[in-house]
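Here is the structure we will look at.
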Amino acid sequence: MKPYETWLLKAYSDLKSAKKLMEGENKIPDTAIYHAQQSAEKALKAYLSFKQQPIRKTHDVELLTELCIELNAEFNAILDDAKELTGYDIAFRYPDIILEHDEEDVFDAIKKAEKILTFVQDHTQRELQ
């Protein structure tokens with residue numbers, strides 16, 4: 001398996017985790033929104049890996065998208081989604097940062113992460129041809 005494929009698998013796993021955490025009556029929204037952010041982050045790192053670019057040690061989804069834009073201007077289409085997901089890696093993860101969230105925000109984050117993952121998958125497949 002190629003490195004970018006491993007990144008895509010991890011992105012898919014995080015997305016699946018986010019969705020699972022929002023099922024049923026015992027939802028865990030703070031962890032779900034974190035996994036949504038992680039999915040987008042790993043998907044973008046997959047594209048950078050696919051393009052044989054160095055993978056920065058950052059959780060900034062907006063920055064990662066901007067790096068992808070430098071390689072392919074079509075990534076501008078997901079920049080707004082990336083901006084909204086940036087910061088979710090810590091916003092709900094640590095007790096010293098208390099933010100209010102509702103289920104609608106979490107489901108929206110999951111939707112944005114899925115859009116980014118699908119976008120990256122589509123572009124890597126198209127560029128392989």
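As the structure is a prediction and not an experimental result, all values here were calculated from the model. Basis for what follows: all heavy atoms, side chains included, without hydrogens, waters or symmetry-related copies. For the single chain, residues carry numbers from 1 onward in sequence order.
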Could you pull out the closest heavy-atom pair between Leu15 and Ser39, with the gap in Å? CB-OG, 3.5 Å
If you measure from OG1 on Thr124 to NZ on Lys51, what distance do you get to the nearest 0.5 Å? 10.5 Å
Can you name the closest pair of heavy atoms from Ala32 and Met22 and give their distance? CB-CG, 3.6 Å
Walk me through whether Asp108 and Glu84 qualify under side-chain contact (heavy atoms from CB on, under 4.5 Å). CA-CA 10 Å; Asp108 185 55; Glu84 288 191 40; 3.7 Å; yes
Taking every non-hydrogen atom, the tightest pair across Tyr12 and Leu117: CA-CD2, 3.8 Å
Show, in sequence, the C-alpha distance, side-chain angles and deciding distance for Met1 and Leu9, and conclude whether the side-chain contact (heavy atoms from CB on, under 4.5 Å) test is met. CA-CA 10 Å; Met1 184 173 290; Leu9 281 176; 3.3 Å; yes
Side chains of Asp14 and Tyr34: closer than 4.5 Å at any heavy-atom pair? no
Of all heavy-atom pairs between Ala43 and Ile116, which one has the smallest distance, and what is that distance? CB-CG2, 4.3 Å
To the nearest 0.5 Å, tell me how far Ile110 CD1 sits from Asp105 CG. 11.0 Å
Does the side chain of Lys19 reach to within under 4.5 Å of the side chain of Glu114, using non-hydrogen atoms? yes
Going by salt bridge (charged side-chain N to carboxylate O under 4.0 Å, His left out), name the pairs with one or both residues in residues 68-80, residues two or more places apart or in two chains. Glu74-Arg126
Using a 3.5 Å distance criterion without hydrogens, assess whether the side chain of Gln38 forms a donor-acceptor pair with backbone atoms of Lys10. no
Could you give all pairs that pass the ring pair (Phe, Tyr, Trp, His ring centres under 6.0 Å) test and reach residues 106-129, with sequence neighbours left out? Phe75-Phe119, Phe75-His123, Phe119-His123
Spell out, as yes or no, whether a donor-acceptor pair under 3.5 Å connects the side chain of Thr65 to the backbone of Ala82. no
Return the CD to CG distance between Gln53 and Leu48, rounded to the nearest 0.5 Å. 6.5 Å
CD of Glu66 to CG of Leu64, rounded to nearest 0.5 Å, is 9.5 Å
Using modelled atom types only, decide if a donor and an acceptor are shared between the side chain of Asn76 and the backbone of Ala73 within a distance under 3.5 Å. yes
So which heavy atom on Leu85 is nearest to which on Ala40, and how close? CD1-CB, 3.6 Å
Please lay out, stage by stage, how Gln121 and Tyr47 fare under the test side-chain hydrogen bond (donor to acceptor under 3.5 Å, both in side chains). CA-CA 8 Å; Gln121 289 172 318; Tyr47 187 74; over 6 Å; no
Measuring only between side-chain heavy atoms, which start at C-beta, is Leu44 closer than 4.5 Å to Ile78? yes
Would you say that Trp7 contacts Glu41 through its side chain, given a criterion of any heavy-atom pair below 4.5 Å between the two side chains? no
Going from CG on Leu63 to CG on Leu67, what distance comes out if it is rounded to the nearest 0.5 angstrom? 4.5 Å
Return the minimal non-hydrogen interatomic distance between Gln37 and His59, and the atom names on each side. NE2-O, 2.8 Å
Tell me whether Thr31 contacts the main-chain N or O of Ile28 through its side chain, where contact means a donor paired with an acceptor under 3.5 Å. no
Just do the side-chain contact (heavy atoms from CB on, under 4.5 Å) check on Leu128 and Phe50 with the steps written out, would you? CA-CA 10 Å; Leu128 279 172; Phe50 174 76; 3.7 Å; yes
Lys/Arg N to Asp/Glu carboxylate O, Glu23 vs Lys20, below 4.0 Å: yes
Taking the side chain from Lys45 and the backbone from Thr58, do they hold a donor-acceptor pair closer than 3.5 Å? yes
Looking at Glu5 and Lys2, would you say the former's side chain and the latter's main chain have a donor-acceptor pair under 3.5 Å? yes
